[in-house]
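Only this structure's heavy atoms are used, side chains among them; waters, hydrogens and symmetry mates stay out. Positions are given from 1, in the same order as the sequence printed here.
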Amino acid sequence: MDDEDNDYEIERQKTIAENQELLNSLGLDPNGSSKIPFSKPKADLAKSKSKPRPKRKAEPVIEEPRRRSGRLAGLEATQEEVAKRNEEEEKEREVLRIINRKTRDQLMDIEKMVEDTSPESADSLSSFLQSVGADHAPRQYPESSDAYDDKDTLPAEVTRLKSVFKGMTLKANAKVTSERVYTMVVHPEPTKTLAFVGDKFGMVGIWDALSDDEGPIWHVQAHARSAVTSMKVDPIAGSGLVTSSYDCSLRRIDFESLQSTELFSFPDEDMLITHFDLVPNGREAWIADKDGGISHCDFREKRNIERRRWVVQEEGRAAKLGGISVNPLKPHLVITAGNDQHLRLWDTRLLSHLNPRSTELLTPPPTAKGRGDPLAGESDVGTHIETRPTSSIPNEKVGHFMNSNKGKGLLKASFQHGKSCSAAYWDPWGKRILTTSYDDKLRIWSVDSDDVSSFKPTKIIPHNCQTGRWLTILRAQWSLNTEYMPHFTVGNMKRTLDVVACTGDKIASLWTDVVTAVPAVTVSHPARVDHVLGGNTSGRIQLWTAS
């Protein structure tokens, strides 16, 4: 043994001795047992030994049939058998998906969508909707955007608006949907307060709040079992309701024909439609999705006309667009609200200049034979109406175009919030923008579309927007009434429904003991300024009116 081995052996023996000394100091045996005595007294030990624990009676073992592996048994499955088994399992999954989500057909009769069991309920809804469609109640648009710009008249207008909301009382309080309210809209018919309420599972509750028989309520399964994300009443005559959903479709309920028609759809079930807005002509829509895309849909297009989608935000967790709004007097100006904290103002006229050859085709998955029933036979394919966009221009191409001479002006302005921007809306005059953000601020812009060099909010209002997981996100929304100065409604985490003027003045804060939850979703009657509604997570809707 040389000197190096000698030194190593000495060092090893020293380490063993140190470890043994440490174990002894801790009262531990190197074999794993403890040298520390038990803390239980010997008397207790003897006592416990004197009364032995009775033996548990063995339960009979029930032999059940066991699933045996063919591979372990030495049985080899053929490729055809494996393919057939996989196909059957896929069909079972498709059937379960259809049952769970209640997939809608492309064209459906309203009477088949009514969830109430009695046939009288479907008949009464049909008669009611047809009477509403015959009333011809269009949305009122201002003749020009020049309104309430004179600062000297604002105090008087604020006083006038406050006088209207003085003495507001809870007029009606009803459970309109069985699940959480996601969106709500009121029909412009001035003689009614007709509310459409979209819930978490694709249901649309229809509530005639001020009728003589205490407000009848109907339930229509307008979409698959996915949240209804946005709704708009047909602005031309009030004869239909357009709805969007996380089931990736845009649909229209026609009050006269009593049919629900699919207008737009995505083939990818994960490309959720988060919001949409109608152009004032009522025949076009701009649609936002969770992957940062905006799509244009013209309902007058025939099946072979191309529909396109543009990805205007970078992909990732912050790609989702939570809101989109069309300027009512200049429809080419569209704003978007994104999870990436930005409000963006777009001139959509320039999107048509993007090279169509740079698009990526959006093709349906192999299992989808039709939008209605994925298991439909070949005979149903011919009757399928194409509602999907045929192409999608990726964000890289959109960004490259914006940096070119041709694309200058596509993105007219942008503003970054402190946190996610959850909603953005144009006011009825197309002069102001209202945003809601998770940074606990409501912001108002006074916008000159010809000069947006200084794109900053003119009014910032502190407001708690921390809704959490179980509450629908707050969306401050303008009243569509043009007879009074611009004002909006918004839910308050203190369970009040707030009415605020464009100047930031608090007009009203509505609450009573009956309201036990936050009215996260709010809306105003387009034709009656003193009629506002709030909806909460239980599906209950409150109607407030002046006494």
Answer yes if the side chains of [X] and [Y] hold a donor-acceptor pair under 3.5 Å, and no otherwise.
X	Y	value
Thr183	Ser230	no
Thr177	Glu179	no
His136	Ser239	no
Ser265	Thr387	yes
His296	Thr348	no
Glu314	Asn395	no
Ser509	Asp498	yes
Arg252	Gln259	no

Atom [atom1] of residue position [X] - does it have more than 12 heavy atoms of other residues, nucleotides or ligands inside 6.0 Å?
X	atom1	answer
Lys171	NZ	no
Glu315	CD	no
Gln130	CD	yes
Lys112	NZ	no
Lys419	NZ	no

Parallel, tilted or perpendicular: which fits the ring planes of [X] and [Y], with parallel below 30° and perpendicular above 60°?
X	Y	value
Phe255	Phe196	parallel
Trp310	Trp286	tilted
His417	Trp445	tilted

inquiry  = Could you check whether Trp544 and Phe165 have their ring centres less than 6.0 Å apart?
reply    =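 Centroid separation for Phe165 and Trp544: 6.0 Å or greater.
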task = Verify whether the ring centers belonging to Phe488 and Trp478 lie closer than 6.0 Å.
result =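 Ring centres of Trp478 and Phe488 closer than 6.0 Å.
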Does [X] use its side chain to pair, donor to acceptor, with the backbone of [Y] at less than 3.5 Å?
X	Y	value
Asp105	Met108	no
Ser422	Thr436	yes
His275	Ile324	yes
Ser325	Trp426	yes
Ser127	Ser124	no
Thr522	Gly534	no
Asp513	Val515	no
Asn492	Arg495	no

message = Between the side chains of Arg251 and Asp247, is the shortest nitrogen-to-carboxylate-oxygen separation below 4.0 Å, so that they form an ion pair?
response =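 Salt bridge: no.
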Please report, to 0.1 Å, the donor-acceptor pairs under 3.5 Å made by any side chain of residues 329-338, with sequence neighbours excluded.
{"from": "Lys330", "atom 1": "NZ", "to": "Ser449", "atom 2": "OG", "distance (Å)": "2.6"}
{"from": "Thr336", "atom 1": "OG1", "to": "Trp346", "atom 2": "NE1", "distance (Å)": "3.0"}

Non-hydrogen atoms of [X] and [Y] that approach each other most closely:
X	Y	value
Ala476	Leu434	O-CD2, 3.3 Å
Ile110	Leu129	CG2-CD1, 4.4 Å
Cys465	Asp440	N-OD1, 2.9 Å
Gly535	Met184	N-CE, 3.8 Å
Ala285	Leu250	CB-CD2, 4.1 Å
Lys441	Arg443	CD-NH2, 3.5 Å

Could you measure the distance from the [atom1] atom of [X] to the [atom2] atom of [Y]? Nearest 0.5 Å is fine.
X	Y	atom1	atom2	value
Glu269	Ser249	CD	OG	11.0 Å
Asp199	Ser538	CG	OG	11.5 Å
Glu111	Ser126	CD	OG	6.0 Å
Lys506	His487	NZ	NE2	14.5 Å
Thr503	Glu157	OG1	CD	10.5 Å

How about [X] and [Y]: do any of their side-chain heavy atoms sit closer than 4.5 Å?
X	Y	answer
Val186	Pro526	yes
Leu194	Val132	yes
Thr489	Val523	no
Gln221	His219	no
Pro280	Tyr141	yes
Ser392	Val311	yes
Leu474	Asn464	no
Ile473	Tyr438	yes

request  = Could you tell me whether Arg283 sits above the aromatic face of Phe299, with NZ or CZ closer than 6.0 angstrom to the six-membered ring centre and within 45 degrees of the axis?
outcome  =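 The answer is no, since Arg283 fails at least one limit relative to Phe299.
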ask   = Do we get Arg307 above Phe264's six-membered ring, with its NZ or CZ under 6.0 Å from the centre and within 45° of the axis?
value =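 So Arg307 doesn't make the cation-pi contact.
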query = Do Lys320 and Asp289 pass the salt bridge (charged side-chain N to carboxylate O under 4.0 Å, His left out) test, and can you show the C-alpha distance, the side-chain angles, and the key distance before you say yes or no?
reply = CA-CA 6 Å; Lys320 178 181 175 181; Asp289 60 63; over 6 Å; no
request  = Quick one: list whatever passes salt bridge (charged side-chain N to carboxylate O under 4.0 Å, His left out) with Lys232, sequence neighbours left out.
outcome  =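 Result, salt bridge (charged side-chain N to carboxylate O under 4.0 Å, His left out) vs Lys232: Asp277.
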message = Run the salt bridge (charged side-chain N to carboxylate O under 4.0 Å, His left out) test against Asp347 and tell me which residues pass, sequence neighbours left out.
response =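 Salt bridge (charged side-chain N to carboxylate O under 4.0 Å, His left out) check on Asp347 returns Arg349.
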request  = Let me see the working for Asp530 and Thr545 under side-chain hydrogen bond (donor to acceptor under 3.5 Å, both in side chains), right down to the final yes or no.
outcome  = CA-CA 5 Å; Asp530 59 348; Thr545 66; over 6 Å; no
inquiry  = Could you go through Ser479 and Asn481, starting from their C-alpha distance and side-chain angles, then the distance that decides it, and tell me whether this counts as side-chain hydrogen bond (donor to acceptor under 3.5 Å, both in side chains)?
reply    = CA-CA 5 Å; Ser479 168; Asn481 189 286; 5.5 Å; no
